[in-house]
Amino acid sequence: MRKFPFNQKGIEELQQLLHALPNSKLSIEILALRLDLRTWVKNKFDLTKDQLDFVNEMSNYLVDYAAIKSGNYLAQRIPVNFTVLECTCIPFKLNIAVKSAFL
């Protein structure tokens, strides 16, 4: 299976593919997702370095929660709306001058 871009369009394309699977094959995907969400995401999506870092650094609590919720939605073939926030951070130097009223 090819990898999908990690954005709403890529998620929709993957969902269509997964939702079209027979129940037996969909169950295998759900089990894989629930057992190891990080690996499942890495295998299904073409991640940028920042996205990969995020997936690797997610807390285990978040991973467990996302695996349960995602698995439940997938089992019921409920569409998932996913928003990827992209941030281009520009490094800058902040100079603050503090003047005391007591001087």
Side-chain angles (χ1 to χ4, degrees):
M1 180 183 295
R2 73 178 179 93
K3 288 189 176 186
F4 296 87
F6 196 55
N7 56 33
Q8 185 62 39
K9 184 177 183 221
I11 289 171
E12 288 171 2
E13 289 174 5
L14 177 59
Q15 281 182 134
Q16 288 175 355
L17 184 87
L18 293 172
H19 289 178
L21 292 174
N23 288 339
S24 59
K25 290 189 179 184
L26 183 60
S27 294
I28 293 168
E29 289 292 334
I30 293 166
L31 182 60
L33 182 152
R34 286 183 176 161
L35 290 176
D36 190 351
L37 178 73
R38 286 184 181 99
T39 299
W40 190 87
V41 168
K42 293 174 197 176
N43 289 337
K44 300 295 180 194
F45 294 101
D46 185 21
L47 303 172
T48 65
K49 182 186 179 322
D50 288 339
Q51 291 169 337
L52 183 59
D53 289 345
F54 178 80
V55 169
N56 288 331
E57 294 171 10
M58 287 187 328
S59 76
N60 290 333
Y61 297 110
L62 177 57
V63 170
D64 292 344
Y65 178 80
I68 291 167
K69 294 299 264 186
S70 300
N72 290 345
Y73 273 66
L74 190 54
Q76 299 175 58
R77 291 181 165 86
I78 297 173
V80 174
N81 287 322
F82 185 80
T83 302
V84 176
L85 300 175
E86 295 184 23
C87 175
T88 304
C89 300
I90 302 170
F92 64 94
K93 190 173 185 178
L94 181 60
N95 291 317
I96 300 175
V98 178
K99 292 186 179 182
S100 172
F102 300 106
L103 293 178

Exercise for review: May I have the step-by-step check of side chain to side chain donor-acceptor pair (under 3.5 Å) for E12 and Q16, ending in yes or no?
Suggested key: CA-CA 6 Å; E12 288 171 2; Q16 288 175 355; over 6 Å; no

Check your understanding: Checking side chain to side chain contact (heavy atoms under 4.5 Å, CB included) for the pair E13/R2: CA distance, chi angles, key distance, verdict?
Key -> CA-CA 11 Å; E13 289 174 5; R2 73 178 179 93; 2.8 Å; yes

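In this structure, CZ in F6 is found 10.5 Å from CG in L14, a value given to the nearest 0.5 Å. Taking CG from L74 and OG from S27, the interatomic distance works out to 9.0 Å, rounded to the nearest 0.5 Å. From H19, atom NE2 reaches atom CD1 of I78 across 8.5 Å, with rounding to the nearest 0.5 Å.
By the criterion of side-chain heavy atoms lying less than 4.5 angstrom apart, applied directly or through intervening Ile, Leu, Val, Met, Phe, Trp or Tyr residues, I68 is not grouped with V55; the two fall into different hydrophobic clusters. Transitive grouping of hydrophobic side chains (ILVMFWY, heavy atoms separated by less than 4.5 Å) keeps V80 and L31 in distinct clusters. Under a hydrophobic-cluster definition in which Ile, Leu, Val, Met, Phe, Trp and Tyr are linked whenever side-chain heavy atoms come within less than 4.5 Å, directly or via other members, L21 and I30 are assigned to the same cluster. Residues F54 and I11 fall within the same hydrophobic cluster, defined by Ile, Leu, Val, Met, Phe, Trp and Tyr side chains chained together at heavy-atom separations under 4.5 Å. L62 and V41 end up in the same hydrophobic cluster when Ile, Leu, Val, Met, Phe, Trp and Tyr side chains are linked at under 4.5 Å.
Taking both residues in full, the closest heavy atoms of M58 and L37 are given as CE-CD2, 4.2 Å, listed atom of the first, atom of the second, then distance. Between A67 and L33, the shortest heavy-atom contact is O-CD2, 3.3 Å. A32 and W40 make their closest contact through CB-CD1, 3.9 Å (heavy atoms, listed as atom of the first residue, atom of the second, distance). Taking each heavy atom of N23 and R77 in turn, the nearest pair found is OD1-NH1, 2.9 Å. Of all heavy-atom pairs spanning K3 and F45, the tightest one is CD-O, 3.6 Å.
Comment: E29 does not engage R34 in a salt bridge, judged by the lack of any side-chain N to carboxylate O separation of less than 4.0 angstrom. With salt bridges taken as basic N to acidic carboxylate O contacts below 4.0 Å, none links E57 and R38.
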